[in-house]
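The structure appears below as structure tokens.
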Amino acid sequence: MVSADRLPAFAAVSFLLIVVPGPSVLFVIGRALAQGRRAALTTVVGNTLGAHVLIVAVAVALGTGAVVERSVVVFKLPQFVDRGQGHVAGQMLLLGLVFNVIAMASDSVWGLVAATARTWFARSPRRLSPVGGAGGLTMIGLGVTVAVTGRKD
């Protein structure tokens, strides 16, 4: 499968990409602030299953792995896959699994921290009031980001 020196390197690069908050992390944080720990963790599981694991599994099952394996042009992106080790589709699935485990752990930490902050804010009505405003600003920011960076057609 994936060589022993490439797997830790892939995990490190994945961690660096994942740890920076993106839209899914902002969504998890918003759910944690609005509804608490259980909602945040449920959102993390939903994001992971809906956006990552199932898409990769279905794509590889439908033959994308074989196409990528045979394509010199496409196969120059996955530098962590070693063709010499064989089982390229299996290597891609393993790397995808590693990426998703790291993403799920990172998103869970963000959600748990936000839920803990929610609990702290909820102890005082004066502290809780800005949370609603911050949540609203976060959603507006997400909307503006999608509007500005979305498709141009």
Legend entry - Partner set under side-chain hydrogen bond (donor to acceptor under 3.5 Å, both in side chains) for Thr43, not counting sequence neighbours: Arg31
Legend entry - Atom pair CG (Leu94) and CZ (Arg6), whose distance is rounded to the nearest 0.5 Å: 13.0 Å
Considering only distance and modelled atom types, tabulate donor-acceptor pairs under 3.5 Å from the side chains of residues 108-117, sequence neighbours left out.
{"from": "Ser108", "atom 1": "OG", "to": "Met104", "atom 2": "O", "distance (Å)": "2.7"}
{"from": "Thr116", "atom 1": "OG1", "to": "Arg37", "atom 2": "NH2", "distance (Å)": "3.2"}
{"from": "Thr116", "atom 1": "OG1", "to": "Leu112", "atom 2": "O", "distance (Å)": "2.8"}

Inset, instruction - Would you name the heavy atoms of Leu16 and Val20 that are closest together and state the gap between them? - result: O-CG2, 3.7 Å
Inset, instruction - Check whether any side-chain heavy atom of Leu7 lies under 4.5 Å from a side-chain heavy atom of Leu95, and answer yes or no. - result: yes
Legend entry - For Phe27, ring-ring contact (aromatic ring centres under 6.0 Å, His included) partners two or more places apart: none
Legend entry - Nearest heavy-atom neighbours spanning Pro8 and Ala4: CD-O, 2.9 Å
Inset, instruction - Report the residue from Asn100, Val25, Val13, Ile102 that forms a side chain to side chain contact (heavy atoms under 4.5 Å, CB included) with Ile18. - result: Ile102
Inset, instruction - Could you tell me the separation between the OG1 atom of Thr119 and the CG atom of Leu33, rounded to the nearest 0.5 Å? - result: 10.0 Å
Inset, instruction - State, with a plain yes or no, whether a side-chain heavy atom of Val98 is found less than 4.5 Å away from one of Ser14. - result: no
